[in-house]
Amino acid sequence: MAVTNLTSTHVWTDLQNDPELIQSLETAVLPPYINTCRWFAGKARQQEAFRIRVVHEIGLKTSVTYLLIIEVRYADGETENYQLPLSFVETDGPNVPEILPKGIITVAYFNRTRGLLVDAIYDERFRQALFQHLVNQDCLAQAEGQLCFYRGRGLAGEDMKGQITNRVLPVDSSNSALVFGEKYFMKLYRKLFRETNPEVEMVSFLTEQSNFPYIPAYAGSIVWQRDDANAASNGRASETDVTLGLMQRMVPNEKDCWDKTGDNLNDFLFAVPTRHFSIKEDVFDMVETLGRRTAEMHLALYEPDAEPAFAPEPITGEYREFIIGRIEHLLDRRYNLVIDNYTKLDPQAQRLAWIFMEAKELIDQFITEFRTRPLESLRIRIHGDYHLGQILSTGRDYIILDFEGEPESSISDRKIKHSPLKDVAGMIRSYHYAVSAKLFNSVETAHIDPTHLQRVSNRWFKLIRDTYMDAYLETFGHPHPLFKDNSEVNFLLLVYLLEKAVYELGYEISYRPAWVKIPLNGIVDVIREIEKLAL
């Protein structure tokens with residue numbers, strides 16, 4: 001909680017007409033509080049100023065919540081915008097609600113009324129108002145545009161009447177999570193972007209436009225629709241809508257697939273020291289199921305008659321240059337990183353690194369082939385950040401989560417259409433990480449020669465990879481417009497596997513040097529496949 005108390009001669013509902021109070025919030029109250037919040041991504045940057053750009057109002061029965069859009073300016077780099085809803089909870093009267101300490105911003109006095117200024121997600125009145133506005137599909141006029149609440153198919157009819165229980169989910173992450181009726185999960189996006197969030201687009205499309213059941217169904221969203229007329233009158237281009245929140249159905253689950261795969265690898269791990277190779281049939285069944293669900297997701301996203309944002313597109317020259325630019329940028333930086341850190345690598349990693357550097361010309365030729373090779377496969381919107389940690393296991397099946405896309409990419413880049421094989425490459429790399437991390441970081445295998453461990457882990461990985469790929473492609477059937485033929489499937493998959501493994505290499509060298517051999521081994525696998533293509 002901030003040390004500085006906040007005092008205003010205005011009543012709380014007149015906050016916007018108190019410029020001195022707004023200045024105090026910007027300079028003395030909000031910066032220290034926001035810097036304690038897990039969702040604030042700018043802690044490590046040199047901050048220059050916090051400015052309240054926009055103040056939206058959401059009426060409560062006897063009060064109001066202000067939804068602030070706060071601009072944070074830094075000494076270097078782009079500014080960022082964050083969403084912070086504010087409530088004032090009076091503490092002098094009866095029935096004072098209990099507010100969690102992490103939600104209290106400061107003690108405040110408005111027109112001599114004492115209370116607490118709080119992050120409104122911890123105010124039950126605000127949570128109830130959000131849900132009711134969404135049920136009613138309200139649009140609330142604001143000084144700048146309007147706040148629009150959209151209801152989705154995932155919201156059950158029986159939950160549209162009366163009060164509903166609600167709570168804040170006690171997790172610290174880059175967004176805030178609210179739970180309603182123990183049936184719905186609402187994600188309030190804290191860091192905002194100048195475009196509609198891809199997760200809302202993807203989840204709503206899959207729920208509303210298809211019958212794909214293996215996601216938490218879209219139940220609604222909150223969008224700030226900018227005032228186009230105001231933009232035009234000020235000589236500015238029309239602003240795009242800004243996504244503030246997403247609500248989905250909650251789904252019962254056991255754990256995510258990264259942990260589930262780790263559990264399944266334990267039997268394999270314990271057998272390795274005795275030179276037994278053991279994979280239960282259940283493991284293959286699970287991998288096949290995930291391969292089918294992945295394909296079904298992509299089939300649901302393949303809609304030739306969809307609006308332009310989701311309609312399939314060809315692999316154009318512009319798209320090729322986009323992917324090539326990414327790969328070449330990554331390669332240049334990774335070659336330098338490997339050279340600079342070569343002597344720090346263990347012998348096995350050094351051998352793999354040497355193969356990688358020796359294959360530079362071969363990789364360049366492969367990139368050139370991608371630039372010129374005729375390709376008839378198509379591109380669609382995809383998950384974009386697809387790995388085992390994004391999949392929940394329900395025991396018998398899977399639920400796919402988090403359609404926001406690559407965290408380090410811009411919102412525009414996250415919406416670029418790719419071959420669905422980019423998602424497939426992400427999952428394949430995730431399986432490779434799962435077995436490698438288990439075998440190379442366990443007490444049970446610490447005494448085993450690393451070269452032998454590499455052979456064993458590669459055998460497990462290739463069996464799992466082939467099982468996943470076979471189930472994936474069989475679900476599509478042959479032929480399918482997304483994939484011209486197996487030759488293009490293999491070629492495009494190598495492009496995305498190379499991009500993914502080269503990206504991973506930079507992360508591991510910088511943050512987990514002991515794991516460098518994992519992406520290096522993935523790169524060498526791609527190199528061996530490229531060599532086969534060249535024969």
Side-chain angles (χ1 to χ4, degrees), residues 15-16 22 25-26 29-43 45 47 49-60 64-74 78-88 102-105 117-123 125-131 133-134 138-150 166 168-169 171-179 185-201 220-227 239-248 404 407 410-411:
L15 175 143
Q16 294 197 66
I22 296 293
L25 285 170
E26 292 176 330
V29 176
L30 295 182
Y33 175 75
I34 291 175
N35 272 280
T36 67
C37 297
R38 168 65 177 81
W39 45 259
F40 179 50
K43 298 181 184 70
R45 300 177 64 184
Q47 301 154 19
F50 285 67
R51 182 171 71 91
I52 298 174
R53 288 188 55 233
V54 179
V55 180
H56 295 310
E57 293 187 14
I58 297 179
L60 308 177
V64 65
T65 286
Y66 295 106
L67 203 161
L68 307 184
I69 308 298
I70 301 170
E71 178 186 80
V72 185
R73 190 168 67 247
Y74 303 96
E78 294 185 357
T79 60
E80 295 176 328
N81 291 282
Y82 289 87
Q83 172 183 192
L84 177 64
L86 286 185
S87 279
F88 179 62
K102 68 191 299 183
I104 300 173
I105 298 173
L117 191 68
V118 304
D119 182 331
I121 67 167
Y122 298 97
D123 184 347
R125 300 171 300 171
F126 172 67
R127 299 195 297 269
Q128 193 68 48
L130 286 182
F131 190 83
H133 284 309
L134 194 146
D138 293 326
C139 274
L140 309 179
Q142 304 293 328
E144 293 192 30
Q146 54 187 348
L147 294 181
C148 288
F149 296 78
Y150 297 99
N166 55 76
V168 180
L169 199 63
V171 295
D172 284 326
S173 69
S174 57
N175 300 302
S176 293
L178 312 178
V179 173
F185 172 91
M186 179 181 284
K187 181 189 295 186
L188 280 184
Y189 298 107
R190 293 297 193 156
K191 185 177 178 181
L192 303 179
F193 300 94
R194 294 183 179 90
E195 295 181 52
T196 306
N197 193 293
E199 183 172 35
V200 173
E201 295 179 352
S221 57
I222 308 168
V223 175
W224 170 25
Q225 291 186 343
R226 313 276 194 112
D227 190 343
E239 301 276 12
T240 54
D241 296 344
V242 176
T243 308
L244 303 179
L246 166 69
M247 190 165 79
Q248 296 174 267
E404 287 191 68
S410 69
I411 293 296

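For the pairing with Ile69, the side chain to side chain contact (heavy atoms under 4.5 Å, CB included) check across Ile52, Leu84, Val54 returns one residue only, Val54.
Scored by the ring-ring contact (aromatic ring centres under 6.0 Å, His included) test, Tyr66 finds Trp12 as partners (sequence neighbours excluded). Here Arg38 pairs with Asp172 under the side chain to side chain contact (heavy atoms under 4.5 Å, CB included) rule; sequence neighbours left out. For Thr79, the side chain to side chain contact (heavy atoms under 4.5 Å, CB included) partners are Glu71, Arg73, Arg194, not counting sequence neighbours. Under the rule for a ring-ring contact (aromatic ring centres under 6.0 Å, His included), Tyr189 has no partner lying at least two apart in sequence or in another chain. Applying the disulfide (SG to SG under 2.5 Å) test to Cys37 and every residue at least two apart in sequence or in another chain returns nothing. Remark: Ser410 pairs with Ser412, Asp413 by the side chain to side chain contact (heavy atoms under 4.5 Å, CB included) rule, at least two apart or across chains.
Side-chain contact check for Leu192 versus Leu244: some heavy-atom pair is nearer than 4.5 Å. At a threshold of 4.5 Å between non-hydrogen side-chain atoms, the residues Tyr33 and Ile104 do not count as touching. A heavy-atom distance below 4.5 Å is not found between the side chains of Asn81 and Val242. A heavy-atom distance below 4.5 Å is found between the side chains of Leu30 and Leu68. The side-chain heavy atoms of Leu25 and Phe50, taken from C-beta on, include no pair separated by under 4.5 Å. Val168 has its side chain within reach of Arg127: a pair of non-hydrogen atoms, C-beta onward, lies under 4.5 Å apart. Under the 4.5 Å side-chain criterion, counting only non-hydrogen atoms from C-beta, Leu15 is not in contact with Val64.
Heavy-atom minimum distance, Tyr82 versus Gly42: OH-N, 3.8 Å. Nearest heavy atom pair, residue Ala120 against residue Phe126, reads O-CD2, 3.2 Å. Lys43 and Asn35 get closest at one heavy-atom pair: CE-O, 3.2 Å. Minimum interatomic distance between Val200 and Gly245 (heavy atoms only, all atoms of both residues): CG2-O, 4.3 Å. Closest approach of Glu404 and Pro198 over heavy atoms only: O-CG, 3.3 Å. Gln142 approaches Glu57 most closely through the heavy-atom pair OE1-N, 2.7 Å.
No side-chain donor-acceptor contact under 3.5 Å links Thr243 and Asn197. When only modelled atom types and interatomic distance are considered, Arg190 and Ser176 share a side-chain donor-acceptor pair under 3.5 Å.
Using a 30° and 60° split on the angle between ring planes, Phe40 and Tyr74 fall in the parallel class, below 30°.
Judged by distance alone, with hydrogens and angles left aside, the side-chain atoms of Asp123 form a donor-acceptor pair with the main-chain N or O of Arg125 at under 3.5 Å.
Note: Leu86 CG to Ile105 CD1 = 5.0 Å, rounded to the nearest 0.5 Å. One finds the CG atom of Leu178 at 5.0 Å from the CG atom of Leu188 (value rounded to the nearest 0.5 Å). The CD atom of Gln146 lies 10.5 Å from the NE2 atom of His56; values are rounded to the nearest 0.5 Å. Rounding to the nearest 0.5 angstrom, the gap separating the CG atom in Leu147 from the SG atom in Cys139 is 8.5 Å.
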